[in-house]
There are 2 protein chains.
Amino acid sequence: MFTDCSHVASPLRLGGKWTPKIIRCLESGPRRFSELEVPLRGITPKVLTETLRSMERDGLVIRTVHGGIPPRVDYELSTLGRTLLGPMAACCAWSAAHLPDLLDAREAYEGDLAPEPLPKGAATR
Amino acid sequence: MFTDCSHVASPLRLGGKWTPKIIRCLESGPRRFSELEVPLRGITPKVLTETLRSMERDGLVIRTVHGGIPPRVDYELSTLGRTLLGPMAACCAWSAAHLPDLLDAREAYEGDLAPEPLPKGAATR
DNA sequence: CCGTATCCGACGCGATACTG
DNA sequence: CAGTATCGCGTCGGATACGG
């Protein structure tokens with residue numbers, strides 16, 4: 001365990017701004033493109049498309065095109081994508097419990113902007 | 001639960017390239033700057049400093065300067081930082097179990113580079 | 001030993017406009 | 001409805017060199 005943590009950020013892309021929110025939005029079932037745009041307030045169609053495509057590419061999300069007019073496209077978590085719900089729940093629980101502490105620490109850091117310096121004359125001898 | 005996942009990436013900075021690895025390196029106790037540079041192969045001193053400073057700023061890491069020549073600086077996880085070990089273990093366990101699947105999916109995606117297109121003549125009416 | 005100082009390229013993300 | 005096409009900016013991270 002903890003043998004390698006290199007994938008938390010990439011290629012897991014869990015570090016992306018929208019990926020975690022999209023996973024959450026898809027948790028309770030398939031959603032259409034426009035049904036994702038609404039809860040993800042502020043996301044642009046371009047970015048939503050990009051993110052969904054990369055998730056599809058990684059096998060986390062399944063994209064289904066239903067023929068017809070107007071077009072209808074559904075996105076849903078794959079079996080693999082669903083396995084991410086557990087770890088994500090752990091992370092969300094962490095932030096719910098400890099994010100305020102982190103924010104407090106950050107605020108307290110304002111002012112003493114200078115880290116403790118090294119002792120002077122460190123090249124001597 | 002899952003009420004908000006916006007902090008997985010930021011400000012948690014867990015999405016950073018080195019943060020998870022640093023946490024892991026500090027798991028078993030304090031480490032000096034140079035003791036971090038070795039296991040984190042490829043990191044430059046500039047980036048290591050930046051990352052450690054941001055973690056210190058967020059209260060995840062404690063930086064201790066021991067006076068003397070040559071200088072000695074220790075970094076260790078704070079109590080708050082240690083609370084991250086759980087969620088991180090969940091993420092690492094996920095990648096140990098499922099990262100190969102993700103990589104396979106990514107590889108299989110090569111070739112059928114074109115996502116299923118929408119039906120033609122999609123203009124309403 | 002423990003950093004800083006510059007420079008710089010790549011990428012993520014957003015704004016805006018347009019289309020089948 | 002479900003996208004695509006451009007453009008641009010800010011941030012992250014790496015290369016390299018120097019300093020107390």
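Being a predicted model, the structure only gives us computed values, none of them experimental. Residue numbers begin at 1 in each chain, while the letters A, B, ... track the order of the sequences.
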Separation of A:Ile22 atom CD1 from C:dC13 atom C1', in whole Å? 13 Å
Distance check needed: C:dG12 P versus A:Lys17 NZ, whole Å only. 14 Å
For A:Tyr75 and D:dC1, is the shortest distance between a side-chain N/O and OP1 or OP2 below 4.0 Å? no
For A:Trp18 and B:Asp74, take the nucleotide of DNA chain C holding the closest heavy atom to each; which residue's nucleotide lies nearer the 5' end? B:Asp74
Base C:dG14 paired with A:Lys46 side chain (donor-acceptor, <3.5 Å): yes
For D:dA15, take OP1 and OP2 only and decide whether either is under 4.0 Å from a side-chain N or O of B:Thr44. no
Can you tell me how far P of C:dG14 sits from CZ of A:Arg41, to the nearest Å? 15 Å
Per nearest nucleotide of DNA chain D, the residue lying toward the 5' end, B:Pro45 or A:Glu35, is A:Glu35
Between A:Arg82 and A:Glu27 (side chain of the first, backbone of the second, donor and acceptor by atom type, cut-off under 3.5 Å), is there such a pair? yes
Taking only the side-chain heavy atoms of A:Val47 (C-beta and beyond), determine which of C:dC2, C:dG14, C:dT4 contains the nearest atom. C:dG14
Does the side chain of A:Phe33 come within less than 4.5 Å of A:Thr49's, by heavy atoms? yes
Is A:Arg53 near enough to D:dT4 that one of its side-chain N or O atoms lies under 4.0 angstrom from OP1 or OP2? yes
Look at the side-chain N and O atoms of B:Arg63 and state whether any lies under 4.0 Å from the OP1 or OP2 oxygen of C:dG3. yes
Side-chain heavy atoms under 4.5 angstrom apart, residues restricted to Ile, Leu, Val, Met, Phe, Trp, Tyr: same cluster for B:Leu99 and A:Ile23? yes
From the set C:dG20, C:dC2, D:dG3, return the single nucleotide nearest to any side-chain atom of A:Pro71. C:dG20
Would you call B:Tyr75 and B:Glu56 a side-chain contact if the rule is heavy atoms closer than 4.5 Å? no
When you check the phosphate oxygens OP1 and OP2 of C:dC2, does a side-chain N or O of B:Arg32 lie under 4.0 Å from one of them? yes
Once you round it to whole Å, what is the distance between P of C:dC2 and CD of B:Glu50? 18 Å
What is the distance, rounded to the nearest whole Å, between atom CZ of B:Arg72 and atom P of C:dC2? 8 Å
